[in-house]
Participant: 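The structure that follows is given in the form of structure tokens.
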Amino acid sequence: MSISNEEFFKKVVAHCKEYGFVFPSSEIYDGLSAVYDYGSRGIPLKNNLRQYWWQSMTRVHKNIVGIDAAIFMHPRVWKASGHVDGFSDPMIDNKDSKKRYRADQLIEDYIDKQDAKIQKEVEKASMRFGDSFDEKKYRETNPRVLEYQAKIDRAASVLKEGLENDNLKMIKDFIVEQNIVCPISGTCNWTDIRQFNLMYSTQMNATDGGEDALFLRPETAQGIFVNFLNVQKTARMKIPFGIAQTGKAFRNEIVARQFIMRMKEFEQMEMQFFVRPGTEIEWYNQWKESRMKWHLAMGIKPEHYRFHEHDKLAHYANAAVDIEYQFPFGFKELEGIHSRTDFDLSRHQEFSGKKIKYHDPELNESYTPYVIETSIGLDRLFLMTMCENLKDETLDNGETRTVLCVHPSLAPVKAAIMPLVNKDGLPELADEIYKKLHLDFDCFIEEKDSIGKRYRRQDAIGTPFCITVDHESLNDNAVTVRDRDTMEQKRVAIAELHPLISSKVNMNILLSKLD
Ligand code: ATP
């Protein structure tokens with residue numbers, strides 16, 4: 001029986017909690033909106049995803065090095081980057097439900113609805129006309145389709161003009177004119193739209209006052225830009241080269257939705273690649289390709305990904321694309337790849353008063369490097385991993401199992417060691433095997449319940465190998481190894497366990513696909 005996307009997503013969220021992947025933060029106090037904690041199974045999976053990214057940047061590329069900048073930065077950094085003046089969302093409140101919305105998202109939802117109406121008309125006509133149906137002509141001539149399309153075009157142009165010229169009244173007027181209502185109260189009783197800055201602020205010192213106000217960083221990238229010269233000189237890097245960083249970022253997302261998709265505290269993995277001016281589009285295309293390769297190497301279905309090129313570019317960018325994944329709630333941004341020109345380094349040069357230039361020995365010329373950025377959210381990647389790999393399977397004997405088919409090198413536990421009974425020296429032998437493996441692989445000793453139930457629990461967290469220690473093991477120094485995916489069982493000598501596990505779970509299996 002297939003379940004709806006909505007039910008499947010609920011299952012993912014419940015599974016994350018039940019099996020110790022992700023919990024709501026401060027749950028005993030009823031949780032904190034859009035803030036989550038990772039549990040004992042979530043942490044190794046998250047670490048493995050981070051490690052896969054980190055090594056793919058710093059090991060696979062000899063010209064990419066790492067950095068770990070502090071979360072607190074000088075307040076002027078955020079003036080220079082444009083976040084103080086421009087990092088905001090247009091918010092609107094419904095006076096009846098007291099709910100707050102992003103005005104741009106209300107209009108985008110309106111556009112989606114018109115688009116769905118067009119789709120419906122096209123499907124109906126296609127059924128009616130059969131093989132002779134000319135979709136292109138129908139879309140160009142059918143009066144109802146044209147009417148919906150005109151509404152879409154007008155909404156998009158009001159949104160673009162309103163945001164670009166900071167004319168929020170124009171956007172509100174459109175919402176009222178089109179009777180776009182609050183989904184909770186069903187009314188069109190809206191406040192005016194206000195820009196709401198997404199940065200959290202705090203104080204450096206105990207005293208109050210504007211001077212020492214700090215921001216929690218809303219992105220990790222600025223820590224890379226301000227350290228450009230430090231890193232370039234000390235690591236003796238020549239252009240083109242990259243600096244990679246992973247770390248927490250904070251955004252006051254008002255409309256937090258969809259579990260760990262949109263959080264107030266989250267982790268980013270960003271890499272800034274510095275290139276000669278004029279070569280940036282070539283590098284942009286190269287990074288687009290190489291990041292998609294990285295995603296596909298994990299075994300994700302290619303049809304679950306798509307590129308979404310930005311039509312509307314930030315003023316400093318000359319190309320930008322999102323890698324979108326098909327989450328159960330639709331295609332959404334997972335990663336951004338941006339060609340940011342020399343905007344960031346030039347702004348920091350201007351605001352700090354320090355010269356930030358690179359002397360190119362080949363050209364014998366100094367210039368401000370251009371930047372290609374790749375930026376992915378670790379929590380979104382985690383959510384993608386759960387959505388892609390969590391499966392309900394019906395077995396030959398009619399039973400069902402829930403299995404997380406994550407790539408073995410990413411699995412939180414690599415091997416579960418199971419003494420058949422809790423006596424007769426079997427737990428001791430299980431311990432001995434654990435000691436042989438645990439320094440290289442995440443292992444877990446599973447003692448309770450029938451072997452069948454233990455298999456189910458390990459399937460649910462994606463453990464590639466289950467190792468059963470039975471009475472025969474005491475004589476033949478061998479164990480039964482069961483494979484998560486094929487469910488086949490075979491007898492393996494204890495001395496052969498290490499190479500067998502390594503042959504499947506080594507991270508290099510993924511990394512070697514990227515070379
Ligand atoms: P969105 O349009 O979804 O708000 P964005 O364009 O603001 O995302 P970027 O500023 O480009 O996102 O950040 C880079 C990446 O960081 C995103 O692709 C996403 O994976 C992740 N990210 C951004 N905001 C959040 C958040 N609130 N919670 C979790 N991950 C996030």
Side-chain angles (χ1 to χ4, degrees), residues 16 22 24-25 32-38 42 46 49-50 53 78 81-83 86-91 101-105 107-109 159 163 196-200 215-225 244-272 284 287-288 291-292 294-295 305-314 316-317 319-327 329-340 343-344 371-387:
C16 280
V22 182
S25 157
L32 188 62
S33 163
V35 186
Y36 291 90
D37 298 339
Y38 285 80
K46 192 180 179 199
L49 288 166
R50 190 194 295 105
W53 183 88
W78 306 110
S81 67
H83 284 81
F87 193 54
S88 50
D89 283 338
M91 308 307 301
Y101 298 89
R102 271 174 59 177
D104 55 332
Q105 282 179 352
I107 295 192
E108 275 159 15
D109 289 349
L159 187 58
L163 291 179
F196 186 91
N197 196 292
L198 296 178
M199 284 197 293
Y200 284 104
F215 295 107
L216 297 189
R217 66 181 179 198
E219 61 174 33
T220 54
Q222 299 305 322
I224 295 180
F225 293 127
Q245 170 164 233
T246 72
K248 286 276 172 106
F250 303 82
R251 292 183 189 179
N252 195 354
E253 302 271 8
I254 298 302
V255 189
R257 302 193 273 200
Q258 291 144 346
F259 192 39
I260 54 175
M261 181 75 193
R262 189 170 292 287
M263 301 156 87
K264 297 191 179 207
E265 174 182 341
F266 59 100
E267 194 166 334
Q268 286 187 317
M269 306 196 287
E270 297 196 296
M271 194 279 300
Q272 313 291 329
Y284 167 79
W287 276 108
K288 247 177 90 176
R291 290 303 302 147
M292 187 56 96
W294 182 90
H295 284 277
Y305 282 117
R306 73 177 186 199
F307 283 119
H308 174 237
E309 297 276 351
H310 292 207
D311 315 321
K312 198 181 132 226
L313 292 171
Y316 51 82
V321 67
D322 292 337
I323 296 183
E324 294 185 336
Y325 173 75
Q326 190 173 27
F327 288 96
F329 39 84
F331 271 102
K332 297 282 172 213
E333 171 178 345
L334 177 61
E335 169 158 8
I337 300 163
H338 312 121
S339 173
R340 299 178 65 107
F343 173 79
D344 304 272
V371 172
I372 307 300
E373 162 182 87
T374 75
S375 173
I376 181 166
L378 179 52
D379 310 271
R380 278 193 198 175
L381 179 65
F382 188 104
L383 184 59
M384 182 221 75
T385 306
M386 297 304 292
C387 293

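Remember, it's a predicted structure, so these values are computed and weren't measured experimentally. In what follows, every heavy atom counts, from backbone to side chain, and hydrogens, waters and symmetry copies are set aside. Counting convention: from 1, in listed order, for ligands and their atoms alike.
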Participant: Short list, please: which atoms of ligand 1 are under 4.0 Å from a heavy atom of Glu253?
Facilitator: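 In order of number, 24 (N), 26 (C), 27 (N).
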Participant: Under the criterion side-chain contact (heavy atoms from CB on, under 4.5 Å), which of Arg262, Glu219, Glu265 is the partner of Arg251?
Facilitator: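 One option only clears the test, and that one is Glu219.
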Participant: Measure across Leu383 and Gln258 and return the closest heavy-atom pair with its distance rounded to 0.1 Å.
Facilitator: CD2-O, 4.1 Å
Participant: At under 4.0 Å between heavy atoms, is it the side chain or the backbone of Met261 that contacts ligand 1, or both, or neither?
Facilitator: backbone
Participant: Any idea which atoms of ligand 1 are less than 4.0 Å away from a heavy-atom of Ser375?
Facilitator: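 Here the atoms of ligand 1 in question are 13 (O), 14 (C), 15 (C), 18 (O).
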Participant: Look at atom 10 (O) of ligand 1 and say which protein heavy atom is nearest, naming residue and atom and giving the distance to 0.1 Å.
Facilitator: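 Atom 10 (O) of ligand 1 sits closest to the protein heavy atom Arg251 NH2, 2.9 Å.
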Participant: Does any N/O atom on Ile260 come nearer than 3.5 Å to any N/O atom on ligand 1?
Facilitator: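 No; every N/O pair is 3.5 Å or more apart.
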Participant: Can His295 and Glu335 be counted as having a side-chain donor-acceptor contact under 3.5 angstrom?
Facilitator: yes
Participant: Which is it for Asp322 and ligand 1 at heavy atoms under 4.0 Å: side chain, backbone, both or neither?
Facilitator: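 Looking at Asp322 and ligand 1, no heavy atom falls under 4.0 Å.
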Participant: Say whether Arg102, considering both its backbone and side-chain N or O atoms, lies within less than 3.5 Å of an N or O atom on ligand 1.
Facilitator: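 By distance alone, the answer is no.
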Participant: Of the backbone atoms (N, CA, C, O) and the side-chain heavy atoms from C-beta on, which set of Glu270 has a member under 4.0 Å from an atom of ligand 1: side chain, backbone, both, or neither?
Facilitator: neither
Participant: List the atom of Phe87, the atom of Pro218, and the distance in Å for their closest heavy-atom pair.
Facilitator: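 Closest pair (atom of Phe87, atom of Pro218, distance): CE2-CB, 3.6 Å.
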Participant: Checking side-chain polar atoms at under 3.5 Å, does Asp379 have a donor or acceptor matched by the opposite partner on Tyr38?
Facilitator: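 Indeed, the side chains of Asp379 and Tyr38 share at least one donor-acceptor pair under 3.5 Å.
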Participant: Looking just at side-chain N and O atoms, do Gln245 and Glu270 make a donor-acceptor pair shorter than 3.5 Å?
Facilitator: no
Participant: Does the side chain of Tyr101 come within less than 4.5 Å of Met91's, by heavy atoms?
Facilitator: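 Contact flag for Met91/Tyr101 side chains = no.
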Participant: Minimum heavy-atom separation for Met292 and Tyr305, please, with both atom names.
Facilitator: CE-CB, 3.8 Å
Participant: Just need the protein heavy atom nearest to atom 13 (O) of ligand 1, so name the residue and atom and give the distance.
Facilitator: Gln268 NE2, 3.3 Å
Participant: With a 4.0 Å cut-off on heavy atoms, is Glu333 touching ligand 1?
Facilitator: yes
Participant: Test ring pair (Phe, Tyr, Trp, His ring centres under 6.0 Å) on Phe266 and Tyr36; report intermediate values, then the result.
Facilitator: CA-CA 9 Å; Phe266 59 100; Tyr36 291 90; over 10 Å; no
Participant: What protein heavy atom sits nearest atom 22 (N) of ligand 1, and how far away is it?
Facilitator: Phe266 CE1, 3.5 Å
Participant: Considering only protein heavy atoms, which is closest to atom 19 (C) of ligand 1, and at what distance to one decimal place?
Facilitator: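 Looking at atom 19 (C) of ligand 1, the protein heavy atom closest to it is Arg380 NH1, 3.5 Å.
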Participant: Please report whether ligand 1 has a polar contact with Met263, defined as an N or O pair separated by less than 3.5 Å (distance criterion only).
Facilitator: yes
Participant: Which of the numbered atoms in ligand 1 are under 4.0 angstrom from any heavy atom belonging to Arg262?
Facilitator: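 So the atoms of ligand 1 that pass are 1 (P), 3 (O), 4 (O), 26 (C), 27 (N), 28 (N).
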Participant: Please report the shortest heavy-atom distance between Thr220 and Gly247, naming the atom on each side.
Facilitator: CG2-O, 3.5 Å
Participant: May I ask you to check whether Asp379 has an N/O atom sitting below 3.5 Å from an N/O atom of ligand 1?
Facilitator: no
Participant: Run the numbers for me: atoms of ligand 1, each under 4.0 Å from some heavy atom of Gly377, listed by number.
Facilitator: 15 (C), 16 (O), 19 (C), 20 (O), 21 (C)
